[in-house]
Structures are given as C-alpha cells and as structure tokens.
Amino acid sequence: DVVVDMRAETVNVIVGGACPPNSYPEQWDIAGMKAGLSEVLNLDVPIDDWLKEDAIDPEVVEERVREAADAAIAAKAAELEPETWTQVEKSILLQNLDHHWKEHLATLDALRQVVHLRAYAQKTPINEYKQEAFSLFQRMLDAIREDVTKTIAHAQFQMQAPELPELPDF
C-alpha cells in the first residue's frame, strides 16, 4: 500500500535525521525526534525509556516508532468500514498530489523564466534547468509523503446519525 510505504519512509526520515549513523545515543537529537514524531505522526512514544536500554540503536527505535505509528493508524482504520478507510486514504493522497503537483509546475515555470541568467555565470542553462528541476521534483515527493502521512495521522472521524426529516401528522 502506498500510504503505508509513505508512513514507513517518513518514520525513517525523522529517526534518521535525529540519529545520525555511527553515533552514540547521547549524540542523538531526542527533542527534535520527539517534536517531529508529535508534529507529523501525532505520536508520543517513550523514547526516554528506550534510551535506558543497553543495546539501543537507530534501527530499533525506527522499528518501534513504525510499529506505534502503524498501530495508531490501524486503530483509526478500525473505526471505519474498510471501503470507507480506503476511500479516505485515496482522497487524501490525491488531494495532496494535486496540490503539490500544481505548485511544482508553477515553480518550474518560474525557474524556466530565470534559468537563462545562469549563462552569464558560464553555465549551460539547459543542464542547470535539469538539475534544478530534478531537485525540485525530489522535494515535491518528500513534501507529498510527509503531508499525506501528517494528514492521515491527525485526521479525526466523527460519525453522526443522519437527521431524519420530520414526518407530517395525519
């Protein structure tokens, strides 16, 4: 499932950003990781308790956070019918994709209008455009992944019974 992969990649980015490779737990940005998990995934996990363990490494933290995120989303999905949940995920994914794609196209148009100025710096404008466009595309994919994950994690569903129309008295 695309949304599950997005969530796993988002967890990987948050934990990977706070826990650099080949570093000790004392060097990790625990406050930043907690803030990121709270903001994006709407999670409050006991990272401080995990750090007290002897054999803790970023992979273990990432696995535990991913399990907590999956459990939280599974609890939300259980509130709704499976077909409804699938429709909600599709809708959120398509809305975010549409929004970010339109924004990306506008940015590429602006880049196209100014890339010719790179020729003054003895750089080939078409190559500069390709590099910049690829970088912008990667940022767009990252933004879509994070926004979809954040929207689904923060979504709250309120089911209310439909109001019945008043029947006339006979």
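Taking CD of Glu128 as the start and CG of Leu117 as the end, the distance is 11.5 Å to the nearest 0.5 Å. For the atom pair CD1 (Ile144) and CG (Leu97), the distance works out to 4.5 Å, reported to the nearest 0.5 Å. Here the OG1 atom belonging to Thr151 is positioned 6.0 Å from the CD1 atom belonging to Ile92, to the nearest 0.5 angstrom. Rounded to the nearest 0.5 Å, atoms CG (Asp147) and CG (Leu93) are 11.5 Å apart. Rounding to the nearest 0.5 angstrom, the gap separating the CH2 atom in Trp50 from the CG atom in Asp57 is 12.5 Å.
The side-chain heavy atoms of Met140 and Thr107, taken from C-beta on, include no pair separated by under 4.5 Å. The side-chain heavy atoms of Pro20 and Gln27, taken from C-beta on, include no pair separated by under 4.5 Å. Side-chain atoms of Met33 and Leu37, non-hydrogen and from C-beta on, do get closer than 4.5 Å to each other. Under the 4.5 Å side-chain criterion, counting only non-hydrogen atoms from C-beta, Ile47 is not in contact with Trp28. The shortest distance between side-chain heavy atoms of Lys102 and Asp98 falls below 4.5 Å. Under the 4.5 Å side-chain criterion, counting only non-hydrogen atoms from C-beta, Glu62 is not in contact with Val65. Looking at Gln95 and His99, their side chains never come closer than 4.5 Å, going by heavy atoms from C-beta outward. Two residues are said to be in side-chain contact when any heavy atoms from C-beta on lie closer than 4.5 Å; Lys34 and Asp48 meet this criterion.
No side-chain N or O of Thr149 forms a donor-acceptor pair with one of Arg7 less than 3.5 Å apart.
Counting heavy-atom neighbours within 6.0 Å of Gln156 CD, excluding the residue itself, gives a total of 12 or less. Other residues, nucleotides and ligands contribute over 12 non-hydrogen atoms within 6.0 Å of the CG atom of Asp109.
Under a hydrophobic clustering in which Ile, Leu, Val, Met, Phe, Trp and Tyr are joined whenever their side-chain heavy atoms come within less than 4.5 Å, directly or via other members, Leu41 and Val4 fall into different clusters. At a threshold of 4.5 Å between side-chain heavy atoms, the hydrophobic network of Ile, Leu, Val, Met, Phe, Trp and Tyr places Val2 and Leu141 in one connected group. Hydrophobic clustering (ILVMFWY, side-chain heavy atoms < 4.5 Å, transitive): Trp101 and Met6 are in one cluster. Val11 and Val13 fall into different hydrophobic clusters, where Ile, Leu, Val, Met, Phe, Trp and Tyr are joined by side-chain heavy atoms under 4.5 Å apart, directly or via other members. Placement of Phe157 and Ile152 within a single hydrophobic cluster is found when ILVMFWY residues are connected by side-chain heavy-atom separations under 4.5 Å, directly or transitively.
Counting all heavy atoms, side chain and backbone alike, Ile14 lies closest to Gly36 at CD1-O, 3.8 Å. Closest approach of Val45 to Ala68, counting heavy atoms only: CG1-CB, 3.8 Å. The shortest non-hydrogen separation linking Glu63 to Arg66 is OE1-NH1, 3.1 Å. The minimum heavy-atom distance linking Pro25 with Leu51 is given by the pair CB-CD2, 4.1 Å.
Within the 3.5 Å criterion, the main-chain N or O of Gln131 finds no donor-acceptor partner in the side chain of Ser135. Side-chain atoms of Asn12 never come within 3.5 Å of backbone atoms of Ala8 as a donor-acceptor pair (strictly under, hydrogens ignored).
The pair Arg64-Glu67 fails the salt-bridge criterion, with no side-chain N (NZ, NE, NH1 or NH2) lying under 4.0 Å from an Asp/Glu carboxylate O. Asp142 and Arg145 are joined by a salt bridge, as a carboxylate oxygen and a charged side-chain nitrogen come within less than 4.0 angstrom of each other.
Contacts classified as side chain to side chain donor-acceptor pair (under 3.5 Å) and involving residues 71-90 (residues at least two apart or in different chains) are given here: Trp85-Glu89.
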Practice task
Walk me through it: do Leu108 and Phe137 pass the test side chain to side chain contact (heavy atoms under 4.5 Å, CB included)?
Solution key: CA-CA 9 Å; Leu108 286 181; Phe137 185 74; over 6 Å; no

Practice task
Carefully, step by step, assess Lys150 and Thr10 under the rule side chain to side chain contact (heavy atoms under 4.5 Å, CB included).
Solution key: CA-CA 9 Å; Lys150 184 177 183 177; Thr10 301; over 6 Å; no

